[in-house]
Structures are given as structure tokens and as C-alpha cells.
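Taking it in order: structure first as C-alpha cells, then the write-up.
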Amino acid sequence: MGAGGIVGSQRGTPIPDITAGLILPSGSLAQPPPTSGRSGTLGVDEEAEADDELLPAMADDDYSAQLSWQSHSKDNLKVLMDNLSPAQYDRFEAYRRHALPKQAVRKVIQQTLGQQVSQPVAQIIAGFSKVFVGEIVEKARAVQTRRGESGPLSPDHLREAYRAYQEETGHVGAARPLRAKKLFVR
């Protein structure tokens, strides 16, 4: 049993003593919770420690594996960025800078589903949509190059890219293809 609390059975996390500062039936005061020098507020370091004690601890090997994976990913991205041509680098930077408007995506989702969706769900779908649009544009650029054309993409390039994408992956986005709206239809 710790001062001001009981140690929990799992991972030694303290369970706060809710009786601290209350008057006991015998008339004496229960021990007040520990405070820093300032009028009952915890310091920044003490708050961080208190938060760390209440949150489940991540195993050290999991944490080190996560750090290792993150540093490895950064190294891979650096190697990739170093090997891009200037035109590829400009396209990649434009891709990273831009995002689909979250509110517009949320509105489309709500109109499609007929119910409200949360902001995190809209952000996730916006991310997947950005990847989908990137794949379609990449395929449309390949179609344009194969035809020997240059300049901006035309709707015909996008239609052909979408058709090729459907052939590769099957039906796109619709659980029931018969009721799905068709994209890029003339």
C-alpha cells in the first residue's frame, strides 16, 4: 500500500485514494494528497509522471521496435528522395502538399450513406481517396505516354485509366456493383 493510494494488482499502477482530504468519523482529517510548492497544482514533470503511471506501459521491446521501424522508414524515404529525378521530385512534393478537403469528403460520405460520420472517419477516407486518385492519375499518365500525347490529362485518359484499374482490381468501391454509380461515363 502506497502513501495516498493503493497499488493496483497489474503493473504496479497506483489507484487514487478518493478518501484523501476527507474528514473521518473520528473527527480527524485524512492525509491530503501530495502537492508541489504551488497552491495545490502539480508541476509539469509531476503531471507527466502521473499521466505515465495511469497509462498502460508499452513494453520496452515494442517501443524500441517502433523506433527502429520509424528510423528505417525515414532512411528509406531519404534514399528514395535522393534518387528521384527533378520532375519526379516536384510531383512528389506536390502530392505531399495537397489533400482532399476534409469537409467536402465528409459531405460526400454523409450524402452517400445518409448518416453522420465523425471527422476521423472522414480523414481516413480522404487519405484512401487521395491514394486512389494518385493511382488513377498515374495510370492516366501511362495511357497518355502510350498514345504518344503530351500536355494536360484529358477525360479520355482518365476513363481509360479507370477501366484498366477495374480490370486489375475488380469492381471498385461498390459492395453491390449493379447499384453502384459509374465513374467517368460519357
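Quick note: residue numbers are just sequence positions, from 1. On a predicted model such as this, the values are computed, not experimentally measured, just so you know. Below, all heavy atoms of this structure are taken into account, side chains as well, without hydrogens, waters or symmetry copies.
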- Query: So, does Q88 use its side chain to make a donor-acceptor pair with the main chain of S85 at under 3.5 Å?
  - Reply: yes
- Quick one: does Q119's side chain get under 4.5 Å of Q103's, heavy atoms only? yes
- Message: Is it the case that atom CD in E138 sees more than 12 heavy atoms from other parts of the structure closer than 6.0 Å?
- Response: no
- Query: Heavy-atom count around F128 CZ within 6.0 Å, excluding the residue itself: above 12?
  - Reply: no
- Note on the structure: Distance col, row K74:NZ vs W69:CH2, nearest 0.5 angstrom, shows 10.5 Å
- Task: Please answer: with hydrophobic residues joined when any side-chain heavy atoms are less than 4.5 Å apart, are L153 and F132 in the same cluster?
- Result: yes
- Message: Using 0.5 Å steps for rounding, measure from the OG atom of S129 to the CD1 atom of I136.
- Response: 11.5 Å
- Message: For a side-chain contact (heavy atoms from CB on, under 4.5 Å) check, start with the C-alpha distance between V131 and Y95, then their side-chain angles and the critical distance, and finish with the verdict.
- Response: CA-CA 10 Å; V131 170; Y95 176 77; 3.9 Å; yes
- Residue pair L158 / A140: nearest heavy atoms and the distance that separates them: CD2-CB, 3.8 Å
- Message: Count I, L, V, M, F, W, Y as connected when their side-chain heavy atoms are under 4.5 Å apart, and connections chain through other members. Are V105 and L113 then in the same cluster?
- Response: yes
- Query: For S73, does its backbone N or O pair with a side-chain atom of K78 as donor and acceptor, under 3.5 Å?
  - Reply: no
- Query: Apart from L80 itself, what residues make up its hydrophobic cluster when side-chain heavy atoms of I, L, V, M, F, W and Y under 4.5 Å apart count as a link, directly or indirectly?
  - Reply: L77, M81, L84, Y89, F92
- Item | Contact summary for A161 and V143, nearest pair of heavy atoms | N-CG2, 4.3 Å
- Task: Calculate, to the nearest 0.5 Å, the distance between atoms CZ and CZ belonging to R91 and R96 respectively.
- Result: 15.5 Å
- Minimum side-chain heavy-atom gap H157-E149 below 4.5 Å: yes
- Task: Would you check, one step at a time, whether the test side chain to side chain donor-acceptor pair (under 3.5 Å) holds for R141 with Q144?
- Result: CA-CA 5 Å; R141 287 272 177 216; Q144 184 183 36; 3.0 Å; yes
- Full working for salt bridge (charged side-chain N to carboxylate O under 4.0 Å, His left out) between E160 and K139: CA-CA 8 Å; E160 178 63 25; K139 289 187 181 305; over 6 Å; no
- Message: Side chains of K102 and I125, heavy atoms from C-beta outward: is any pair under 4.5 Å?
- Response: no
- Q110/Q116 under side chain to side chain donor-acceptor pair (under 3.5 Å): CA gap, chis, key distance, verdict: CA-CA 6 Å; Q110 289 172 352; Q116 297 290 322; 3.0 Å; yes
- Cluster partners of V108, using ILVMFWY side-chain heavy atoms under 4.5 angstrom, listed by chain and number? none
- Query: Are the side chains of V121 and S118 in touch, meaning some heavy atoms are under 4.5 Å apart?
  - Reply: yes
